[in-house]
Every structure is written in C-alpha cells, then in structure tokens.
Amino acid sequence: MNQRRVSKAIQIGSVTVGGNSPIVVQSMTKTDTRDIMSTIDQIKELEDYGCELVRVAVPDVEAAQAIHAIKKSISIPLIADIHFDYRLALMALEAGADGLRLNPGNIGEPEKVQTIALAAKERNVPIRIGVNAGSLPKPSNPQLTIAQQMVEAALKQIRLLESLDFDLIKVSLKAFDVPTTIEAYQDIAQKIPYPLHIGITEAGTPRSGIIRSTVGISTLLYLGIGDTIRVSLTAHPREEVIAGYEILKSLNLRQHGPILVSCPSCGRAEVDIIRLAEEVEQELLKIDKPIKVAVMGCVVNGPGEAKDADIGIACGKRKAVLFKKGKKIGVVEEKDFLTALMREIEGV
Ligand code: SF4
C-alpha cells in the first residue's frame, strides 16, 4: 500500500480534512433541505452512525436560509451544495455553512466565483471544487480525455481561487466510470497540494453501487490518494456511512465499531448461518467497540478460521461453541446463540 499523499490540512468547522488527520467519512442528506425537521432528523441519524461531515442540497433561497436552523440542532459540520446560482452560496455562508461545494461546470463567470471566494475567505470557510464528469465545462481541446477534461476544469477553478489568495480548497473529480475517476485523481494528486474528496458518482443502488464505489475508492486509497470519502448510493444515507467505514476498516485505515467475520456457510453447516450472521450484524450496529466478532458455521473449521477474533461462535448441531481469542469458553443451545454471543461481546 502506498504511503498517503501529503496534502494541506484544512478545517471544515470542527473537522480537519487532509494532512495527518484520519480519512473523513461523509454523506449527503436526501431530504428536502427546506423541510428543516426531516433534514435535522436525518443528520442526527447519520451522526449516530459516525458520519463526520454532511452535505445538504441548496437548490433555492429557502433551502439556503434553512441552513441557519439546521445548524443549531446538529453537531457535525455542514457543507452547502451549490449549483448554478452563486447568490445561493453567499446566502448559505450567511446562514452559517461550514463548507461550500461548487460545481465549476455550472457556476458561470469567474467574477461570480470570485465573489463567493471573498465571502468564504472572510469566514474561513473552505470551498470544494466538485467536478463531475456529467457536467463539464467546454474543454480547451476536444481531444482531451474525460479524465483530462475533469482535471483541466478543476485546475482552472483552483488557479482562480489561488489568484484571490484563497487556499482553503478541497477537490473532487467524480465520474461513474471507475478507471476514468482513478486516472483523474492520480493526475491531479501530483499537481495540487490540496486535500482530495474521493468517490464514484451515481454509483447506483446498494447491490451494485457499493461494489462500484469500493473498487474506485479502495484503489485510490491504496495508492495513497484521498482525504475524505463518500460512498454515493441510491439508498438511505446511513448506508453510505456504513459502507464508507467498511472500506476504511478493510484497508486498516480507520477503526470504527466492530468487524464481523462470518464464514460463507457450506454443506457442513447444521444451522442457518446466513440468518445468524445477519442478526449479529444488525446487533453490532449498536456497538461502538472496535472488536472482531466471528460467526462460523461449524466447529471443525470455525475456531481455527477465526482465531484472531475477540469473540466468536462456531455452530454445530443445535449447539454452538463460544470462543474468545480462539479459545473455547462455553457451549450454548441453539435458542441462545444470539443472546449468548451478544452478552460476551458486551462484556469485552
Ligand atoms: S466454517 Fe464450517 S460451515 Fe463455515 S464455510 Fe467453513 S467449513 Fe463450511
């Protein structure tokens, strides 16, 4: 695994992005931002799942003004997502947004970006230049690949902000196509010092979207690229946060809650191991401890296959062995599998 790229640290409200700070997991609300109560409820749920930064869509004046009330009831920094109308960015800043996301493909004239940058600078609010392959400005040369066009669009905005002595910059270059996304990020990573927000855009429903996002995000993280991530999914945003942490945990980049090891089950299993693993997974969502839990289908291979787990269960016919760090600590009846396992986990 490559060493993490050295990026300039920026502060988004209480959260540091880039530098040596942990890779930040973020998401975006799916509620109508103007519906203040629903948006607050969704953000609070995301906070419970460990979301560290949240973005809200700001499609109109009412949504921009809603930020003021939303901010009062949430704990994590809020980023306003602005397209088309630079005046909404100014209003979002007024309302207390901790960060802005601008799409260089649709904000328009440089003077508008300049106006936003000056207002953001006054408040020490960072701006993410969020390039999206689906809404690129006209390239300088039609021969450029999509990845090159994305980099060109980002650099143009970055140079504009830099000319205003504005350097609270974060950049994203998202495409649906994974190789295009990787190529774009690899290119820009060498050209700018700013932190990178990584993700695959419009990745899809959880079934395919988590795989697509994981392939793209993990490849970049493995290359040392990425300071904050979002797994974009056509689903409740809590799924994005859960998937984000699973990616970071898989690469040993963050610890967050338990890790579940479960065997795939096979003809040797004498209980419904798939159902048991799903039930345990659901229970583990309520647990914060960074422990490894194993759910194994048989006593033959179970303890051995999961010997580095903190707590495990290896099921047999109507009975299961509980084990701790690979050592047997008791035998439980089938009706008690879940409760006995959870009791041991809570006692760790
Ligand atoms: S732990 Fe046992 S049941 Fe599960 S896959 Fe391995 S051999 Fe099969």
Side-chain angles (χ1 to χ4, degrees), residues 1 25 49-50 178 203-219 221-222 229 231 233 235-236 238-348:
M1 188 150 148
V25 174
Y49 279 86
V178 173
T205 57
R207 188 175 290 243
S208 56
I210 288 177
I211 294 172
R212 180 169 278 274
S213 286
T214 304
V215 171
I217 291 172
S218 306
T219 305
L221 291 173
Y222 197 81
I229 67 172
V231 179
L233 294 174
H236 191 286
R238 84 172 83 82
E239 303 303 325
E240 300 187 352
V241 176
I242 294 169
Y245 280 108
E246 287 302 323
I247 292 173
L248 294 177
K249 287 194 297 191
S250 300
L251 289 165
N252 301 330
L253 289 169
R254 290 282 302 261
Q255 278 200 335
H256 180 83
I259 293 174
L260 176 62
V261 179
S262 61
C263 84
S265 189
C266 72
R268 207 173 270 141
E270 293 180 280
V271 297
D272 185 350
I273 200 71
I274 297 171
R275 187 169 62 91
L276 178 62
E278 283 172 357
E279 287 171 355
V280 172
E281 184 175 50
Q282 205 53 39
E283 290 293 317
L284 291 181
L285 288 175
K286 302 169 200 157
I287 305 236
D288 280 339
K289 290 177 234 180
I291 53 167
K292 197 181 252 187
V293 176
V295 176
M296 309 304 285
C298 75
V299 282
V300 181
N301 292 328
E305 284 177 11
K307 59 179 175 300
D308 63 336
D310 294 295
I311 299 288
I313 188 164
C315 304
K317 198 169 190 173
R318 290 190 288 278
K319 282 188 172 43
V321 175
L322 281 179
F323 56 94
K324 207 174 200 169
K325 304 267 185 206
K327 290 207 170 59
K328 181 176 159 180
I329 54 164
V331 175
V332 286
E333 300 289 324
E334 188 166 357
K335 65 175 174 36
D336 301 323
F337 283 179
L338 188 62
T339 45
L341 184 66
M342 294 316 296
R343 196 166 49 236
E344 286 302 327
I345 289 167
E346 271 146 31
V348 170

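In listed order, ligands and their atoms are each counted from 1. Every heavy atom of this structure was used, including side-chain atoms; hydrogens, water molecules and symmetry mates were not. Start at 1 with the first residue, then count along the sequence.
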Atom pairs and distances, donor-acceptor, side-chain atoms in residues 205-215, under 3.5 Å, two or more places apart:
| residue | atom | partner | partner atom | Å |
| --- | --- | --- | --- | --- |
| R212 | NH1 | F176 | O | 2.6 |
| S213 | OG | G209 | O | 3.1 |
| T214 | OG1 | I210 | O | 2.5 |

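- E239 pairs by the side chain to side chain donor-acceptor pair (under 3.5 Å) definition with nothing, not counting sequence neighbours.
- Sorted by chain and number, the heavy-atom contacts of ligand 1 below 4.0 Å come from C263, P264, S265, C266, R268, A269, G297, C298, N301, E305.
- When each of K324, K325, K289, K327 is checked for a salt bridge (charged side-chain N to carboxylate O under 4.0 Å, His left out) with D310, only K325 meets the rule.
- A donor-acceptor pair is defined here as one N or O able to donate and one able to accept, closer than 3.5 Å; such a pair exists between the side chain of K249 and the backbone of P258.
- Checking side-chain atoms of Y222 against main-chain N and O of M1 turns up a donor-acceptor pair under 3.5 Å.
- Screening residues 328-348 for ring-ring contact (aromatic ring centres under 6.0 Å, His included) gives no qualifying pairs among residues at least two apart or on separate chains.
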